[in-house]
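This report refers to the structure that appears directly beneath it.
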There are 2 protein chains.
Amino acid sequence: MKRIKVSNNVIRRLPRYLRKLDELNEQGVSRISSGELGKQLGLTPSQIRQDFSCFGDFGQQGYGYNVNTLRQDIATILGMDRGFNAILLGVGNIGNALLQNFSFEEWGFSMKAAFDVKPELIGKEVNGVPVLSQEQLSDYLQQNKVDVVVLCVPKEIAVKMTNDLIEQGIDAFWNFTNVELTDPNSDVLVENMHFSDSLLALSYFVSDKADEELARQNRQKRLNNRT
Amino acid sequence: MKRIKVSNNVIRRLPRYLRKLDELNEQGVSRISSGELGKQLGLTPSQIRQDFSCFGDFGQQGYGYNVNTLRQDIATILGMDRGFNAILLGVGNIGNALLQNFSFEEWGFSMKAAFDVKPELIGKEVNGVPVLSQEQLSDYLQQNKVDVVVLCVPKEIAVKMTNDLIEQGIDAFWNFTNVELTDPNSDVLVENMHFSDSLLALSYFVSDKADEELARQNRQKRLNNRT
DNA sequence: TAGATTGTTAATCGATTAACAATC
DNA sequence: TAGATTGTTAATCGATTAACAATC
């Protein structure tokens, strides 16, 4: 499978395909064409076929795609069957919410342990995940395979924490700290969940929409005045 | 200001500029060139100048950009000074975490109220935000200006909830439900925080990196065997 | 003034869309 | 078989990068 350079845009669309295919599966739809899939996702059929063709031939001429097998193929492409291990750092509000609510297993990850400094948390379990002391982290990393670290620590210590971890061999972070960790010159993977970036983009679109509405109304007014 | 069609890519970079400029401000840096800013963000100077030029002339030849005023200009572009009102639906784990932890004010939003169905929550305050009953929602919307709805309700009711709200005039959602709400044919704004999409993209990159490492090792092995 | 750096136009690069032969 | 729909090549479109005159 794959082995060509796949663009970031394509990769970002794969999880959307997966979710849509899951949905279709639930609805009992067993086959779908690029045309129909495109309509449901707001993409062109061409784009969908191009996207898939980065990874192989999943369709059948005259028929389309089998929902179930395509879903599995995309899951494989995304690495969902690789049994990646994750640990979580910082069992505060957001860390806790993730442990309680986010189904890591559903997406192919195994959440092995959480770490914090607060004595009242250590030794507890959150949704079946043991909370260990921050001090145990180094030992833990030496004794266990950890593929991804979920970063939920306070802003202030995020950068130092990350650098320590990188030194200990961690090279993939899921970053909830709203701090820019991305070092342009390193090959450490950082996937950001920047809440504020998302809200501000929405803020822009809302502003823009309001401005346009206003402009439209003003045009209308001028037109009315003229008559 | 503005009034030309600005591409999505540009808009998505604006919040990053803002965060970086805040950081520079804190560090006491008062001016910066597109070259230096580019270096720190992993972008080309050209791109940065192009981005800014969508909205006006913020720089000065031979000098660069004033960190503080540029920061304010970008904040204005993003609509941070428009006093948008938000409400939050669903005070579960994620909704609660947002109310507790996320500083809506910092990004120009005023979080006015939260809504839930659980009797034990209603009437309480979470971090200063009153929790009202779901039943009060319609009345609330009629009596108050609500610019953005933060959706934290369970998956199962997300679509119905959204459609109801759209009928009541809401046209901007910050969506935490991991359900695809985007209707390609409507002009309702939906900004998604799809946790799983983000994790799966990371999963792909981690997989890809592992594959490449493996391929590299195999090449090395073959080379060693040959000698 | 000379040096630096912008804003903007032109060139390049990459991603999306269209078209169509292959084929189920 | 005929109709449908893929995979892929070519054409178009848009975004990024390069270049440079303008100017602080």
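Numbers restart at 1 for each chain; the letters A, B, ... are given by sequence-line order, proteins then strands. Values reported hereafter were calculated over all heavy atoms of this structure, with side chains retained and with hydrogens, waters and symmetry mates removed.
By the 4.0 Å N-to-carboxylate-O rule, A:D211 lies too far from A:R216 to be salt-bridged with it. Checked for salt-bridge contact, A:E105 and A:K112 miss the test: no charged N lies under 4.0 Å from a carboxylate O. Note on B:R16 versus B:D51: no salt bridge recorded, every NZ/NE/NH1/NH2 to OD/OE distance being 4.0 Å or above.
Using the six-membered ring where Trp is involved, A:W174 and A:F104 have ring planes that are perpendicular, over 60° apart on the 30 and 60° scheme. Ring-plane geometry between B:F55 and A:Y204 is classed as perpendicular, the angle between the planes exceeding 60 degrees on a 0 to 90 degree scale with a lower cut at 30. Using the six-membered ring where Trp is involved, A:F58 and A:F52 have ring planes that are perpendicular, over 60° apart on the 30 and 60° scheme.
Within the structure, a side-chain polar atom (N or O) of B:T44 is placed less than 4.0 Å from OP1 or OP2 of D:dT17.
Distance, B:D51 CG to D:dA15 C1': 10 Å, rounded to whole Å. We find that NZ of A:K39 is positioned 11 Å from P of D:dT5, with the value rounded to whole Å. Computed from coordinates, the A:I48 CD1 to C:dA18 P distance equals 13 Å when rounded to whole Å.
Pair assignment for C:dG3 gives D:dC24, based on Watson-Crick or G-U wobble hydrogen-bonding distances that are each under 3.5 Å. If you check C:dT8 for Watson-Crick or wobble pairing at under 3.5 angstrom, you find it paired to D:dA19.
Contacts of residues 8-17 of chain B with DNA chain D (heavy atom under 4.0 Å): B:N9, B:R13.
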Salt bridge (charged side-chain N to carboxylate O under 4.0 Å, His left out) between A:R19 and B:D197, worked out: CA-CA 9 Å; A:R19 265 190 297 114; B:D197 286 21; 2.7 Å; yes
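Taking the ring axis of A:Y65 as reference, the NZ or CZ atom of A:R31 does not stay both within 45° of it and closer than 6.0 Å to the ring centre.
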Protein proximity profile, nucleotides 6-13 of chain D - base contact B, sugar-phosphate-only contact S, no contact -, cut-off 4.0 Å on heavy atoms: BBBBB---
